[in-house]
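Source: prediction; values computed, not measured.
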Amino acid sequence: MDAASGFFGSLLWWLFFMYILLWPQMQYRSLQIARAKVLRRLSQKRGSTVITMIHRQESIGLFGIPFYKFISVEDSEEVLRAIRMAPKDKPIDLIIHTPGGLVLAATQIAKALHDHPVETRVIVPHYAMSGGTLIALAADKIIMDEHAVLGPVDPQLGQYPGPSIIRAVEKKGVEKVDDQTLILADVAEKAVNQVREFVYNLLKDRYGEEKAKELAQILTEGRWTHDYPITYDHANELGLHVSTDVPEEVYGLMELYKQPMKQRGTVEFMPYPKGSEGSK
């Protein structure tokens, strides 16, 4: 009996260990299946190819350690592949949730989206800043939640905004700054001009040359801080082609992207119970 008890005890410990080890993979697989179902339903409803680029702090893992995500070259490879495989006679809906990332990667995605022969729509449920905005500008339509935001696309050099570097040298005077700062200002000027020209080329077919130049100037000149939130109302005032017709399925999809585990929740809510009006 002692030997049998020891065997079953060891077996239980081994099974428990395997459960702890495999649970994150099982959980992630379950989320993948749930996401695929939502995307399939959304694709059928809208008659489009649906692509997602959602950057949240994924916390799936043995210790729930969050991984911060930004637009990367790997993202551009995946999105370009999806756009290339999409039927040329069907629209594309690209769902974006991102703080931004590499200009190179965002530029590649934007160009591929812009060149798709049928209507393209970027859907922003919460925010698409910096490179995310650059991609959104490539679409025929930007569909935003009424409280979602876009952002400026002025290039950043390290920790400094490119337009601010240029402005600092202009204010101080070329003769009063060191060579390293002058080189930095030169690179910043090139970066701003490159992004501005790219935005203009994205917009000129749909907005006309004058409006495209105006928008490209506003969004790259450093008028605001880089994290300035361009709301739906503001985007509308600027003349961007925006609407608030975000499909309900998109909100459900966002719930399927795991956020970091917290010791204590910072936000809680209780939905108002349906059918409670007039009930006793």
Within one Ile-Leu-Val-Met-Phe-Trp-Tyr cluster: Leu150 and Met129, side-chain cutoff 4.5 Å: no
Pair Thr220, Asp154: side-chain N/O donor-acceptor within cut-off below 3.5 Å: no
Ring geometry between His241 and Tyr207 (parallel below 30°, tilted from 30 to 60°, perpendicular above 60°): parallel
Counterpart residues, side chain to side chain contact (heavy atoms under 4.5 Å, CB included), relative to His147 (two or more places apart): Asp145
Asp93, Asp140, Asp245 screened by side chain to side chain donor-acceptor pair (under 3.5 Å) with Arg121, the one that passes: Asp93
Closest approach of Ala235 to Val242 (non-hydrogen atoms, all atoms of both residues): CB-CG1, 4.0 Å
Glu214 side chain near Ile218 side chain, heavy-atom distance below 4.5 Å: yes
Atom pair OG1/CD1 of Thr98 and Ile71 - distance to nearest 0.5 Å: 4.0 Å
Residue pair Arg35 / Leu253, side-chain heavy-atom distance below 4.5 Å: yes
Shortest non-hydrogen contact between Val149 and Pro229, atoms and distance: CG1-CB, 3.7 Å
Derivation and outcome, side chain to side chain contact (heavy atoms under 4.5 Å, CB included), residues Leu113 and Ile83: CA-CA 7 Å; Leu113 195 65; Ile83 293 174; 4.2 Å; yes
Gln180 atom CD, over 12 foreign heavy atoms within 6.0 Å: no
Separation of Glu249 CD from Ser43 OG (nearest 0.5 Å): 11.0 Å
Nearest heavy-atom neighbours spanning Glu119 and His116: O-CD2, 4.4 Å
Lys37 side, atom NZ; Leu256 side, atom CG - distance, nearest 0.5 Å: 11.0 Å
Side chain to side chain contact (heavy atoms under 4.5 Å, CB included) involving Asp227 - partner list, sequence neighbours excluded: Thr225
Min side-chain heavy-atom separation Lys90-Ser48 under 4.5 Å: no
In one Ile/Leu/Val/Met/Phe/Trp/Tyr side-chain cluster, 4.5 Å: Phe198, Leu238: yes
Side chain to side chain, Gln44 and Arg40, heavy atoms closer than 4.5 Å: yes
4.5 Å side-chain heavy-atom contact, Pro152 and Arg223: no
Distance-only side-chain donor-acceptor flag, Asp75 / His55, under 3.5 Å: yes
Verdict with supporting geometry, Lys190 and Asn193, side chain to side chain contact (heavy atoms under 4.5 Å, CB included): CA-CA 5 Å; Lys190 290 173 182 174; Asn193 289 336; 5.9 Å; no
ILVMFWY network linking Tyr251 to Val38, side-chain heavy atoms under 4.5 angstrom: yes
Point-to-point distance, once rounded to the nearest 0.5 Å, from CD1 of Ile143 to CD1 of Ile123: 4.5 Å
Candidate pair Leu137 and Leu240, rule side chain to side chain contact (heavy atoms under 4.5 Å, CB included), full reasoning: CA-CA 8 Å; Leu137 294 173; Leu240 291 172; 3.7 Å; yes
Whether Thr133 side chain and Gly151 backbone form a donor-acceptor pair below 3.5 Å: yes
Heavy-atom closest contact (Ser130 atom, His226 atom, distance): OG-NE2, 3.0 Å
For Ser76, the option from Ile109, Ile135, Leu104, Thr107 that meets side-chain contact (heavy atoms from CB on, under 4.5 Å): Ile109
Glu170 with Arg167: basic N within carboxylate O range, under 4.0 Å: no
Ile92 to Ala86 - nearest heavy-atom pair and separation: CD1-CB, 4.0 Å
Pairwise side-chain contact, Val50 with Ile95, heavy-atom cut-off 4.5 Å (strictly under): yes
Atom of Pro247, atom of Leu42 and distance for their closest heavy-atom approach: CB-CD1, 3.7 Å
Hphob cluster co-occupancy, Tyr228 + Val124, side-chain heavy atoms under 4.5 angstrom: yes
Note, Glu221 side chain near Pro163 side chain (heavy atom, < 4.5 Å): no
Pro91 side chain near Thr49 side chain, heavy-atom distance below 4.5 Å: no
Single-linkage hydrophobic cluster Val195~Leu219, side-chain heavy atoms < 4.5 angstrom: yes
Check against side chain to side chain contact (heavy atoms under 4.5 Å, CB included), Ile230 and Trp224: CA-CA 10 Å; Ile230 299 175; Trp224 310 292; 4.0 Å; yes
